[in-house]
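Whatever order the structure lists ligands and atoms in, that order sets their numbers, starting from 1. Note that the structure is a prediction, hence the values are computed from the model and not measured.
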Amino acid sequence: MTDKKPLKQDAVSVLHSGRQDNQRSETDSLNLDDVKSRCLTTVNISELLPQGIRIIDIHNNVIYINQAFSVLAGCSPEQLVGKKCYQNFPGSYCHSPTCILERMKNGEKAVQAEINWDEDSNRRTYVLSALPLNTEDGTLFGIIEYFLDVTDTRKLEQKAAQNEVLYSELFNNVPVPIIEYDFSLVKKHYDKLRSQGVTNFRKHFYKTAPQELLKCESLLRPVRLNKHAAHFFGLDSPEEHKHDMEKRHNRNLHKNEGPKECHIGLAEGKTQFDYEAYVEIKDGDYRYLFTSVSVAPGCEESLAIVYLSFVDITDRKKSEELMKKHQSELKRKVAERTAQLKESREKIKELYIIECSTRKELERLMKQRVEFNRMLVHELKTPLVPILGTISILSREIEAEPTRSMLENIQGGAIALSHRIDELLDLEKADSGSLHLDLELVDIAELLRRLHDYVKPQLSEKEQTISLTVTHDLPFIMGDKERLSQVILNLINNSYKYSPYGSHILVKAARQGSDIIVEIQDDGPGIPEEKRAELFKPNYAVSSNTDLRNGLGIGLALCNKLIGLHKGRIWLDSSTNQGSIFRISIPTYREAARNEIIDSRR
Ligand code: ADP
């Protein structure tokens, strides 16, 4: 520890005591008063300075140290002054001051060196600045040394260097492309623009002055880019990156929105923001980039360190675009279909209205027709009643031939006419849906037998025969006896009518599955294949002869309607010159009941 004496006094006394300890022969040239007067001001000031200060005479003798040097050497001035300068420091430094003195003697004006002073295990580092001490005539009489303790600075620098290495390592290995920029010059330019009255930077960069981007980009300085950025942009150095950017901006000022967004954000004073932009990252290679901009802490004012990191979102964007396209296409199609649907609905509505009025008109016409037919039938049948009545009376009175035969002919014709009129009326009723069945359980075998017996005598007129074959287990059917009789008689009558003299008519009935099939077979001319499709339609006659005997084509149409009402079917098997087989199928009672139940459940 140094003694706590007044600094000035202490320094002067130290100067003197140092003088006494030195070899007299060597110091003859040194005028101590001179030294004192020359260095006193320095000494006085040096006591106030934080640096260690030492004065050495021309013979390496320490003639003065200040308080700070005493502290840094860890010795009192008494312990140091008067010693050889190299005895003040331990270790490696020893000869350096000698060298400095030698260099000064050789004419160097100033020497600066960094020295390490190992004190125990504690190393201190000093920056030593030495200046020569000359008399007026320029003779060197000593040197003054300033010791600046830079140990902490060096340690900090070392730490900073280590941190820098660590930072570089981290920066380089961040798994996204990242670039460090210096925006400080650009910041000044933003400020200038603001002072010139620019307040809306977005408008400025996009509309008012798009070329401003070029100016800003020229002031921009990429500092470093990590390996991912280098790979991503296909570049090696920040300089190359800058050159590449400028080239692209010159060529594509309006297209590259990314840099504009960056400048707008920073110019508006944002320190952390991001944006998506379509950017040309290499020549002709455009990508959607999600860019994050981040100003380094402490650089908010200067924008000296700004980081830009990028994520390539091209695939996501493209998928989104595709999705949008699909959605709009879907929307378009839905709109199209909706319009079509609306149109169809309108049309259906129109058609429905037309159909309603047509149906009403049709119903009106049908009613009119039915009414007319009824009146017609009435008008036709009314005169037949007295005719038939009169014939009946006459035939009872007159027995003489040929008058009787003539009467019978008239009677036959009148009855046939009456039947025809009835058929016509039935067909009309069937067409208008007003023909109804009187249903009951019908023993079809019994019905056929009765009809067989009824027609048999009448066939003798054409010397025709009839036979009936019915299987014994024929089930009942649910039907209208009268109407079924009408159908079967009609078919037998046709066979009678169209078959030659002496021919045979065969009536058969058998069960087939859930149906009963009734057949009426004859040896007549048959019906050509091409005519069969129309046969069961009204007013169809195979031959062109349409006199009443040959028929008007009402009978089969009526048969078809009546069998249809029985939920059955009528069809024909026939070939020209080989007779005809008319077949009727009607469901058995059980089947009819079952169908009834099914129908009622629907
Ligand atoms: P119509 O009441 O005039 O007899 P149908 O409807 O009963 O009329 O018969 C239609 C036509 O079918 C007849 O005009 C006739 O030419 C033909 N036809 C009907 N049955 C037979 C049959 N058994 N043999 C030959 N032709 C027949």
*Considering the heavy atoms of Ser580, write down every atom of ligand 1 situated less than 4.0 Å from one of them.*
24 (N)

*Under the ring pair (Phe, Tyr, Trp, His ring centres under 6.0 Å) rule, what pairs show up with a residue in residues 433-485, not counting sequence neighbours?*
none

*Would you say Arg420 touches ligand 1, if touching means a heavy atom closer than 4.0 Å?*
yes

*Close-contact set for ligand 1 against Lys497 heavy atoms, below 4.0 Å*: 4 (O)

*Any luck finding a side-chain donor-acceptor pair between Asp422 and Gln486 under 3.5 Å?*
no

*asked:* Would the distance check show the side chain of His263 and the main-chain N or O of Tyr190 forming a donor-acceptor pair, the cut-off being under 3.5 Å?
replied: no

*Under the criterion side chain to side chain contact (heavy atoms under 4.5 Å, CB included), which of Leu491, Ile517, Leu562, Asn560 is the partner of Ile584?*
Leu491

_Asp522-ligand 1 polar pair, N/O distance under 3.5 Å_ = yes

_Parallel, tilted or perpendicular: ring planes of Phe310 versus Phe232, cut at 30 and 60 degrees_ = parallel

*asked:* Residue-level breakdown please: for Lys537 versus ligand 1, do any non-hydrogen atoms fall below 4.0 Å on the side chain, on the backbone, on both, or on neither?
replied: neither

*asked:* I'd like to know if the side chain of Tyr206 pairs up with that of Glu212 as donor and acceptor (distance under 3.5 Å, no hydrogens or angles considered).
replied: no

*Short list, please: which atoms of ligand 1 are under 4.0 Å from a heavy atom of Leu535?*
12 (O)

*Could I get the full list of salt bridge (charged side-chain N to carboxylate O under 4.0 Å, His left out) partners for Lys227, not counting sequence neighbours?*
none

*Is ligand 1 less than 4.0 angstrom away from at least one heavy atom of Gly524?*
no

*For ligand 1, does Leu491 get within less than 4.0 Å through its side chain, its backbone, both, or neither, judged by non-hydrogen atoms?*
neither

_Between ligand 1 and Leu556, is the shortest N or O to N or O distance under 3.5 Å?_
yes

_Below 4.0 Å, non-hydrogen atoms only: which portion of Ile554 touches ligand 1? Side chain, backbone, both or neither._
backbone

